Amino acid sequence: MLDPKRLRSEPERIAEQLRRRGYHLDLDRLRDLEARRREVQVRAERLQAERNARSKAIGRAKAAGEDIEPLKAEVAALGEALEAAEAELAAVQAELEALYAELPNLLHESVPDGEDERHNVEIHRWGEPRVFDFPVRDHVELGAALGGLDFEAAAQISGARFVVMRGELARLHRALIQFMLDLHTAEHGYQEVYVPYLVNADSLFGTGQLPKFAEDLFAVAGDSGLYLIPTAEVPVTNLVRDRILDPDALPLRFVAHTPCFRAEAGSYGKDTRGMIRQHQFEKVELVQIVAPEASWAAHEALTRHAEVVLERLGLPYRRVLLCAGDTGFASAKTYDLEVWLPGQNAYREISSCSHFTDFQARRMRARWRNPQSGRPEPLHTLNGSGLAVGRTLVAVLENYQRADGRIDVPEALRPYLGGQAVIG
RNA sequence: GGAGGGGUGGUAGAGCGGUCGAAUACACCGGUCUUGAAAACCGGCAGGGGCCCGCGCCCCUCGUGGGUUCGAAUCCCACCCCCUCCGCCA
């Protein structure tokens with residue numbers, strides 16, 4: 001949610017900034033709604049004030065023992081006009097709120113122009129893609145040969161875009177999770193949290209998935225009103241919904257491992273092979289809740305925290321700054337980390353680290369008491385994958401494969417596999 | 001699932017048809033005192049919104065939504081959530 005006051009005071013500037021993302025803000029409609037809102041609100045509030053004043057007068061008259069019947073008749077006459085004005089106000093406000101709810105966040109000035117991923121800007125690379133002296137296999141072949149990745153079994157149980165993992169690969173997958181959680185809690189100052197995987201619509205509105213992106217979500221059958229989480233961002237960030245935090249409670253740094261569920265509507269035919277794009281996958285998520293003045297530094301720090309995972313695992317990657325058109329709805333600025341996948345001969349996204357400024361905080365009413373002003377003001381929220389576990393497994397398999405089809409275990413993971421150095 | 005109790009400001013907790021947006025305490029902010037701090041004392045202090053250049057005025061909010069009433073934190077109905085006990089259960 002953008003600041004409604006700014007939307008009112010400088011709509012042209014905001015429209016211009018939204019245009020960078022290819023979003024067209026209908027200024028005429030906004031101005032028209034705003035004008036109506038103002039007129040109706042002033043009228044409704046005047047009638048309410050009138051009603052309140054007269055009701056109080058009745059109270060006084062009654063206490064003084066006067067006849068209150070004529071006064072009552074007067075107020076009754078107000079009733080109809082008041083009711084109509086209130087209904088009109090509610091309608092205009094609902095329309096305005098619906099408009100506001102669909103506006104994406106403003107982009108940070110450092111975000112480059114551009115329509116789509118072709119215009120993203122590489123910031124830096126780490127590591128050298130390995131040169132193989134044997135034919136490289138992708139994770140699907142490697143997994144099949146090892147007997148650890150079974151897409152057919154998953155299809156029978158559930159359908160496309162699921163996987164069954166077995167034996168050493170299932171264990172490797174779990175080891176990755178443990179490794180990431182330990183790293184972020186022990187070295188990066190995050191508190192581990194365990195959160196619900198089913199959330200209500202208010203939470204999804206708070207982080208920006210609803211109302212606009214309902215088709216990406218799995219809703220639970222029945223009348224619970226619950227949805228499967230598409231990312232831990234939703235339950236974890238909503239920990240501060242409707243709260244006013246003390247400055248000395250900040251920053252909050254949370255790390256959570258959860259499964260993520262995505263309908264992947266609109267991605268038909270994309271990444272259909274292997275476990276790059278699944279309906280269900282595991283992710284270790286980093287979330288920070290910070291004071292606004294600390295937030296840009298926090299974004300850089302959080303992105304580093306995710307990069308460290310790749311570096312400890314010895315996986316070559318690059319950091320990419322998303323351009324205007326590729327930056328997500330709620331984000332002001334996003335870095336993607338792309339890991340090198342020999343099986344695809346390409347860098348593929350494995351982490352997305354976003355700064356939401358006050359956009360989510362406004363939707364969630366997540367505030368802190370700013371000691372400067374003494375008033376509650378919106379916080380800043382950030383998050384990033386640290387990392388997507390399924391894709392990390394893919395990266396380990398493909399980057400550490402041997403000519404015999406077995407997999408070397410990265411040094412950092414060995415303690416989590418009882419010292420084992422090779423899989424297969 | 002059954003029975004009972006309860007949801008009020010940053011927190012705890014009074015209020016149970018009109019001058020209550022709300023006692024009191026704690027927390028917090030400012031001041032006095034002090035070399036400084038603590039203590040003590042004095043004062044301030046809910047959130048959201050609107051109008052106005054401003055002083056300021058007004059509206060809404062006591063879990064949510066309806067209803068009764070001239071008037072609702074207070075009465076009625078529904079729903080949600082929390083607690084206690086019983087049953088069932090990983």
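Because the structure is a prediction, the values reported are computed rather than measured. Chain letters run A, B, ... following the sequence lines, proteins first and then strands; every chain starts at 1.
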Using the [atom1] atoms only, state how far [M] lies from [N], rounded to an integer number of Å.
N     : M     : atom1 : result
B:G13 : B:G63 : P     : 14 Å
B:G9  : B:C28 : C1'   : 13 Å
B:G15 : B:U74 : P     : 15 Å
B:C33 : B:C53 : C1'   : 43 Å
B:U11 : B:A46 : P     : 14 Å
B:G18 : B:G87 : C1'   : 47 Å
B:G44 : B:A78 : C1'   : 42 Å
B:C75 : B:C83 : C1'   : 25 Å

Less than 4.0 Å between a side-chain N and a carboxylate O, is that true for [Y] and [X]?
X      : Y      : answer
A:E264 : A:R161 : no
A:E307 : A:R304 : yes
A:E12  : A:R31  : yes
A:R391 : A:E338 : no
A:E300 : A:R319 : yes

Measure from [atom1] on [X] to [atom2] on [N] and round the result to the nearest Å.
X      : N     : atom1 : atom2 : result
A:R367 : B:G10 : CZ    : P     : 8 Å
A:E50  : B:C60 : CD    : P     : 13 Å
A:Q48  : B:C57 : CD    : C1'   : 15 Å
A:D202 : B:C79 : CG    : P     : 19 Å
A:D242 : B:C81 : CG    : P     : 16 Å
A:I244 : B:G9  : CD1   : P     : 11 Å
A:E86  : B:G65 : CD    : P     : 13 Å
A:L226 : B:C81 : CG    : C1'   : 14 Å

Which is true for [X] with a 4.0 Å heavy-atom rule: it touches a base, it touches only sugar-phosphate, or it touches nothing?
X      : value
A:D246 : nothing
A:R46  : nothing
A:R365 : nothing
A:P371 : nothing

Decide whether [X] and [Y] meet the rule of one side-chain donor and one side-chain acceptor closer than 3.5 Å.
X      : Y      : value
A:R241 : A:S203 : yes
A:Q360 : A:T381 : yes
A:Q93  : A:E97  : no

Just the atom pairs and distances: protein N or O near nucleotides 67-71 of chain B's N or O, under 3.5 Å.
from	atom 1	to	atom 2	distance (Å)
B:C70	O2'	A:S55	OG	3.0
B:G71	O4'	A:S55	OG	3.3

- Message: Please identify which of these residues, A:R363, A:R365, A:R367, meets the salt bridge (Lys or Arg N to Asp or Glu O under 4.0 Å) condition with A:D242.
- Response: A:R365
- Task: Run the numbers on A:N383 and A:T237 for side-chain hydrogen bond (donor to acceptor under 3.5 Å, both in side chains), then give the verdict.
- Result: CA-CA 9 Å; A:N383 69 51; A:T237 311; 4.7 Å; no
- Note on the structure: Result for 5'-nearest mapping on RNA chain B, choosing between A:A44 and A:R369, is A:R369
Polar pairs (N or O, both sides) under 3.5 Å between protein and nucleotides 49-52 of chain B?
from	atom 1	to	atom 2	distance (Å)
B:G49	O2'	A:Q41	NE2	3.1
B:G49	N2	A:E45	OE1	3.3
B:G50	OP1	A:R8	NH1	2.2
B:G50	OP1	A:R8	NH2	2.9
B:G50	O4'	A:Q41	NE2	3.0
B:G50	O3'	A:R37	NH2	3.1
B:C51	OP1	A:R38	NE	3.4
B:C51	OP1	A:R38	NH2	3.4

- Message: B:C59, OP1 or OP2 - any side-chain N/O from A:N52 closer than 4.0 Å?
- Response: yes
- Message: Pair A:Q344, A:E398 - check side-chain hydrogen bond (donor to acceptor under 3.5 Å, both in side chains), show working.
- Response: CA-CA 9 Å; A:Q344 299 196 359; A:E398 295 192 0; 6.0 Å; no
- Base-pair string, RNA chain B, Watson-Crick plus G-U, cut-off 3.5 Å on both distances, | for inter-strand, is ((((((((.[[[..)..(.....]]].(((((.......))))).((((((....)))))).[[[[[..)....]]]]])))))))....
- Message: Looking at A:E102, I'd like to know if its CD atom is crowded, meaning that more than 12 non-hydrogen atoms belonging to other residues, nucleotides or ligands lie closer than 6.0 Å.
- Response: yes
- Between A:F329 and A:F359, does the ring centre distance come in under 6.0 Å? yes
